Amino acid sequence: QVQLVESGGGSVQAGGSLRLSCVVSGFTQNSNCVGWFRQAPGKEREGVADIYFSGGATYYHDAVKGRFTISRDYAKKTVYLQMNGLKPEDTAMYYCASTADWIRICPDSPVSEYIHWGQGTQVTVSS
């Protein structure tokens, strides 16, 4: 059974940094895509970045390119999201999610392929 547990959220001022962590368990082949998503109050969930857990290839959505970095520690079964240059519009609940094994498209996997979700961690950026 796949489980994902996020941590690292908090409150920072604009321009600050946070690092989110997502510990994954239950992967059988490690050929999954792991992504970060976010949802602000009153807004739809949007993709942030994703990474092929085995090979490490990454994809970023335009809103975070150049500011956020997704990475993974294969041995620790952890995916990170380093967030620098945070803006008030980055305020949201951040979720870690994974696809099934042997996903065909990764990174930039369609959101419909993400079938396992964590509980989320709140990020608040004040101006």
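Predicted, not measured: the structure shown is a model, and the values here were computed from it. Heavy atoms only: backbone and side chains are in, while hydrogens, waters and symmetry mates are out.
Applying the side chain to side chain donor-acceptor pair (under 3.5 Å) test to residues at least two apart or on different chains, the pairs with a partner in residues 15-25 are Ser17-Asn84. The list of ring pair (Phe, Tyr, Trp, His ring centres under 6.0 Å) pairs with a residue in residues 65-91, not counting sequence neighbours, reads Phe53-Tyr74. Residue pairs meeting the disulfide bond (SG atoms under 2.5 Å apart) criterion with at least one partner in residues 59-102, sequence neighbours excluded, are Cys22-Cys96. Under the disulfide bond (SG atoms under 2.5 Å apart) criterion, the residue pairs touching residues 23-53 are Cys33-Cys106, with sequence neighbours excluded. Identified under the side chain to side chain donor-acceptor pair (under 3.5 Å) test for residues 35-46, with sequence neighbours left out: Arg38-Glu46, Arg38-Asp90, Arg38-Tyr94.
Across every non-hydrogen atom of Ala97 and Leu4, the tightest pair is C-CD2, 3.9 Å. Closest approach of Ser127 to Ala14, counting heavy atoms only: CA-CB, 4.3 Å. Minimum heavy-atom separation, Thr121 to Gly9: OG1-N, 3.1 Å. Closest approach of Gly47 to Phe37, counting heavy atoms only: CA-CD2, 3.5 Å.
Scored by the side chain to side chain contact (heavy atoms under 4.5 Å, CB included) test, Glu89 finds Lys87 as partners (sequence neighbours excluded). The side chain to side chain contact (heavy atoms under 4.5 Å, CB included) search around Gln13 returns Ser126, not counting sequence neighbours. With sequence neighbours excluded, the residues that form a side chain to side chain contact (heavy atoms under 4.5 Å, CB included) with Thr91 are Gln122, Thr124, Val125. By the side chain to side chain contact (heavy atoms under 4.5 Å, CB included) test, Ser31 pairs with Gln29, Tyr52, Asp101, Trp102, sequence neighbours left out.
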Intermediate values then yes/no, side chain to side chain contact (heavy atoms under 4.5 Å, CB included), Leu20 and Val123: CA-CA 9 Å; Leu20 307 183; Val123 171; 4.1 Å; yes

Distance-only check: which donor-acceptor pairs under 3.5 Å involve side-chain atoms of residues 58-66, not counting sequence neighbours?
| from | atom 1 | to | atom 2 | distance (Å) |
| --- | --- | --- | --- | --- |
| Tyr60 | OH | Ile70 | N | 2.8 |
| Asp62 | OD1 | Lys65 | NZ | 3.1 |

Residues 108-116, side-chain donor-acceptor partners within the protein, below 3.5 Å, at least two apart:
| from | atom 1 | to | atom 2 | distance (Å) |
| --- | --- | --- | --- | --- |
| Ser109 | OG | Ile105 | O | 3.2 |
| Tyr114 | OH | Asp50 | OD2 | 2.8 |

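With rounding to the nearest 0.5 Å, the separation of NZ in Lys77 from CD in Gln3 is 15.0 Å. The CE atom of Met83 sits 11.0 Å away from atom OG1 of Thr69, with the distance rounded to the nearest 0.5 Å.
The side-chain heavy atoms of Val2 and Ser98, taken from C-beta on, include a pair separated by under 4.5 Å.
Linking ILVMFWY side-chain heavy atoms closer than 4.5 Å, directly or via other members, places Ile51 and Phe27 in a single hydrophobic cluster.
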